Amino acid sequence: MRIRTVSAAVISGLALLAVVPGSASAAEGQFRYTYKTTEGYEAVGFLNDPRSGKCINLNGVGSDTLPPGHSPKNRTDRTATVFLHANCAGGEYFSLRPHTGGGSERLKVRSVVFS
């Protein structure tokens, strides 16, 4: 009887691990960018532990009707691909290395996706 109980617990635990998403679905670390607010002030936007594989429109610049952000810094453990246009659209994009990737004021951004 005891072996059945232990076996059932082990099987249940393995099934739970298969269902619960792990950290593989998120980049760990922070992504930063600079932008101008609607009042004209310079601000820093950031994403903490952003989801991987999903396009993210950046707050304050994530619409093609707003001025783009700039100077992105990738301090996550995944490659960040930044796009000039919202919704990760268009052929104007640039990949930033994990941990140390970054760009200058010349690199304009509106959206990002993490590998």
Side-chain angles (χ1 to χ4, degrees):
M1 180 82 168
R2 200 168 180 171
I3 292 176
R4 279 190 202 166
T5 304
V6 171
S7 295
V10 169
I11 291 171
S12 296
L14 291 174
L16 183 60
L17 285 176
V19 174
V20 176
S23 62
S25 63
E28 293 183 14
Q30 189 176 76
F31 176 83
R32 298 177 190 189
Y33 60 99
T34 303
Y35 69 101
K36 287 222 186 234
T37 66
T38 54
E39 295 83 22
Y41 298 107
E42 192 166 274
V44 176
F46 58 90
L47 302 170
N48 289 320
D49 301 329
R51 185 170 179 186
S52 295
K54 178 184 176 200
C55 180
I56 301 169
N57 287 328
L58 299 172
N59 188 35
V61 299
S63 167
D64 288 331
T65 61
L66 298 170
H70 61 85
S71 306
K73 306 289 185 245
N74 184 19
R75 302 302 181 250
T76 72
D77 63 347
R78 305 287 176 96
T79 298
T81 302
V82 296
F83 291 81
L84 174 59
H85 298 288
N87 302 312
C88 300
E92 297 174 76
Y93 61 89
F94 191 82
S95 293
L96 302 173
R97 293 187 304 258
H99 303 293
T100 60
S104 71
E105 285 185 17
R106 296 182 313 183
L107 182 55
K108 307 299 184 190
V109 298
R110 285 198 173 91
S111 57
V112 62
V113 65
F114 296 86
S115 63

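What you are looking at is a predicted structure, and each value in this text was computed from that prediction instead of being measured.
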To the nearest 0.5 Å, atom CZ of Arg32 lies from atom OG of Ser71 at 12.5 Å
Just so I know, are the side chains of Leu47 and Val112 near enough to count as touching, which here means a heavy-atom distance under 4.5 Å? yes
Flag the pair Pro68 / Val109 as yes when at least one side-chain heavy-atom distance between them is below 4.5 Å, and no otherwise. no
Does Asn48 CG have over 12 foreign heavy atoms under 6.0 Å away? yes
Main chain of Phe94, side chain of Thr81: is a donor-acceptor contact present, judged purely on distance under 3.5 Å? no
Could you tell me whether the side chains of Arg78 and Ser52 share a donor-acceptor contact shorter than 3.5 Å? yes
Answer yes or no: is there a side-chain heavy-atom contact under 4.5 Å between Thr79 and Leu96? no
Write down the atom of Gly60, the atom of Leu66, and the distance for their closest heavy-atom approach. O-CD1, 3.4 Å
Close side-chain approach of Asp77 to His99, heavy-atom, < 4.5 Å: yes
State, to 0.1 Å, how close Val113 and Cys55 come at their nearest heavy-atom pair, and which atoms those are. CG2-N, 4.1 Å
Pro98 backbone acceptor or donor facing Arg75 side chain under 3.5 Å: no
Pro72 versus Leu107, closest heavy-atom pair with distance: CG-CD2, 3.6 Å
Just jot down the side chain to side chain contact (heavy atoms under 4.5 Å, CB included) partners of Thr65, sequence neighbours excluded, or say none. Ser63
Please round to the nearest 0.5 Å and tell me the distance separating atom CG of Asp49 and atom CD of Gln30. 9.0 Å
If I compare all heavy atoms of His85 with all of Arg110, which pair ends up nearest, and what's the gap? C-CB, 3.8 Å
What closest approach, in Å, do Pro50 and Gly29 show between heavy atoms, and which atom pair accounts for it? CD-O, 3.9 Å
Please tell me if the side chains of Phe114 and Asn74 come closer than 4.5 Å, counting only heavy atoms from C-beta onward. yes
Short question: side chain of Thr76, backbone of Phe31 - any donor-acceptor pair under 3.5 Å? no
Which residues pass the side chain to side chain contact (heavy atoms under 4.5 Å, CB included) test with Val61, not counting sequence neighbours? Tyr33, Tyr35, Leu58
Look at the side chain of Asp64 and the backbone N and O of Ala86, then say whether any donor-acceptor pair between them is shorter than 3.5 Å. yes
Give a yes or no answer on whether the side chain of Arg51 reaches the backbone of Ala26 with a donor-acceptor pair at less than 3.5 Å. no
Is there a donor-acceptor pair closer than 3.5 Å between any side-chain N or O of Ser111 and the backbone N or O of Asn57? no
CD (Glu42) and NE2 (His70) are apart, to the nearest 0.5 Å, by 5.0 Å
